[in-house]
Amino acid sequence: MNLEIARARKRDNRIPIHGPEAFAGMHKAGKLAAEALDLLAPKVQPGVTTQELDDLAFEFAMDHGACPAPLNYRGFPKSICTSLNHVVCHGIPNDKPMRDGDIINIDVTLIVDTWHGDTSRMFPVGNASRRAERLMDVTYKSLMLGIDAAKPGNTTGDIGAAIQRYAEGERCSIVQDFCGHGLGQVFHDRPNILHYGAPGEGVKLQPGMIFTIEPMVNLGRPKVKVLQDGWTAVTRDRSLSAQFEHSIGITETGCEIFTLSPAGLHCPPYVTT
Ligand code: MF3
Ligand code: CO
Ligand code: CO
């Protein structure tokens with residue numbers, strides 16, 4: 001979410017600590033959101049429009065008694081976000097066909113029994129270039145390194161530092177204008193999860209905290225701007241941008257990922273070991 005808004009809305013620094021019912025609810029919502037991405041994955045092909053993906057996601061939500069959280073959220077007009085190439089996040093589905101060589105982030109948030117499952121992945125449209133595949137690979141790994149740092153005793157800064165250190169080491173840059181966020185029965189809650197920073201900074205992680213990690217990584221400079229539509233964020237230098245997102249909950253020993261794909265599709269084939 002937008003960092004300035006997030007900071008302005010933060011009236012105190014109490015962070016919700018959730019119990020077992022919340023974890024069960026988040027598990028269900030997260031799984032359904034991941035399944036929506038599994039359904040969309042094979043539809044990402046040259047010639048298909050992002051509006052068609054939006055229609056499929058909306059139908060999927062309706063068929064499963066879920067509600068697409070983005071629809072009408074602060075005026076957002078569609079059910080999912082579709083961010084192509086140099087679009088960093090919050091791209092609005094439209095009737096333009098995708099083209100061979102594009103890369104796209106699809107971000108799905110479904111509300112199931114009041115709980116929000118929020119997750120996004122990158123997909124190549126047809127054949128992506130090697131540099132695009134490398135960017136997506138680095139972004140996926142940066143998310144997973146952030147998740148590795150999400151455990152009791154660590155801080156939110158440890159998560160950001162792990163992500164930033166790795167991505168910058170790969171000669172990529174981290175977008176600083178958007179962050180991960182607490183969620184549950186609220187879409188965007190405390191705490192903010194910055195994808196950069198220093199170890200030990202921020203707030204101490206405790207069992208029961210629930211939030212997203214959703215690093216946006218650019219091949220060029222980190223600066224972004226928001227287009228006239230009020231939503232679409234793009235890289236100022238028009239360099240390629242990628243993002244992956246999971247919703248997680250801190251447990252006694254580490255964390256639980258709510259948005260894993262039951263089909264095992266969360267880790268894309270272009271990710272190298
Ligand atoms: N799913 C996005 C996130 O990860 C938020 C989308 S809000 C919208 O936080 F209004 F743009 F859809
Ligand atoms: Co999110
Ligand atoms: Co999201």
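Whatever order the structure lists them in is the order used to number ligands and atoms, beginning at 1. Count residues from 1 along the sequence. Reckoned from all heavy atoms, side chains included, excluding hydrogens, waters and symmetry mates.
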Taking only heavy atoms of [X], which atoms of ligand 1 are found under 4.0 Å from at least one of them?
X: F187; value: 1 (N), 5 (C)
X: E214; value: 3 (C), 4 (O), 9 (O)
X: H188; value: 3 (C), 5 (C), 9 (O)
X: Y73; value: 7 (S), 10 (F)
X: P70; value: 12 (F)
X: T109; value: 1 (N)

Can [X] be said to touch ligand 1, with heavy atoms closer than 4.0 Å?
X: H181; value: yes
X: R74; value: no
X: F178; value: no

Are Y140 and Y270, when compared by the centres of their aromatic rings, separated by less than 6.0 Å?
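Not under 6.0 Å, so no.
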Measuring centre to centre across the rings, with the benzene-like ring taken for any Trp, is H64 within less than 6.0 Å of F60?
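When the ring centroids of H64 and F60 are compared, they turn out to be within the sub-6.0 Å range.
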Looking at E214, pick out the N, O or S atom nearest to the Co ion (ligand 2) and give its name.
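Nearest to the Co ion (ligand 2) within E214's N, O and S set: OE2.
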Of all the N, O or S atoms in E245, which has the shortest distance to the Co ion (ligand 2)?
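Result: OE2.
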Residue pair [X] / [Y], side-chain heavy-atom distance below 4.5 Å:
X: I248; Y: I213; answer: yes
X: M98; Y: I104; answer: yes
X: D118; Y: T259; answer: no
X: L240; Y: H86; answer: no

Could you identify the N, O or S atom of D118 positioned closest to the Co ion (ligand 3)?
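The Co ion (ligand 3) is closest to the D118 atom OD1, counting only N, O or S.
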Under 4.0 Å, heavy atoms only, figure out whether ligand 1 is touched by the backbone of T212, its side chain, both or neither.
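No part of T212 comes within reach of ligand 1.
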Considering only heavy atoms, does C81 approach ligand 1 within less than 4.0 Å through its side chain, its backbone, both, or neither?
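Within the 4.0 Å criterion, C81 contacts ligand 1 through side-chain atoms alone.
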Yes or no on salt bridge (charged side-chain N to carboxylate O under 4.0 Å, His left out) for R121 and D38, after CA distance, side-chain angles and deciding distance?
CA-CA 10 Å; R121 293 181 212 149; D38 292 354; 2.9 Å; yes
Measure the acute angle between the ring planes of H181 and F187, then classify it against the limits of 30° and 60° as parallel, tilted or perpendicular.
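Plane angle over 60°, so perpendicular.
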Output yes if H188 passes the N/O/S-under-2.8 Å test against the Co ion (ligand 2); output no otherwise.
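No - counting backbone and side chain alike, H188 has no N, O or S atom under 2.8 Å.
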Considering both backbone and side-chain atoms of D107, is one of its nitrogen or oxygen atoms within less than 3.5 Å of a nitrogen or oxygen in ligand 1?
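Between D107 and ligand 1, an N or O pair is found under 3.5 Å apart.
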Test your reading of the structure: does W231 have an N or O sitting under 3.5 Å from an N or O of ligand 1?
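There is no such contact.
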Determine whether more than 12 heavy atoms belonging to other residues, nucleotides or ligands lie under 6.0 Å from atom CG of N127.
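Atom CG in N127 is not crowded, with 12 or fewer foreign heavy atoms closer than 6.0 Å.
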Is L37 reachable from L84 through a run of I, L, V, M, F, W or Y residues, each pair having side-chain heavy atoms under 4.5 Å apart?
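Shared cluster, yes.
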L110 and C67: CA distance, side-chain angles, deciding distance, side-chain contact (heavy atoms from CB on, under 4.5 Å) verdict
CA-CA 6 Å; L110 291 180; C67 179; over 6 Å; no
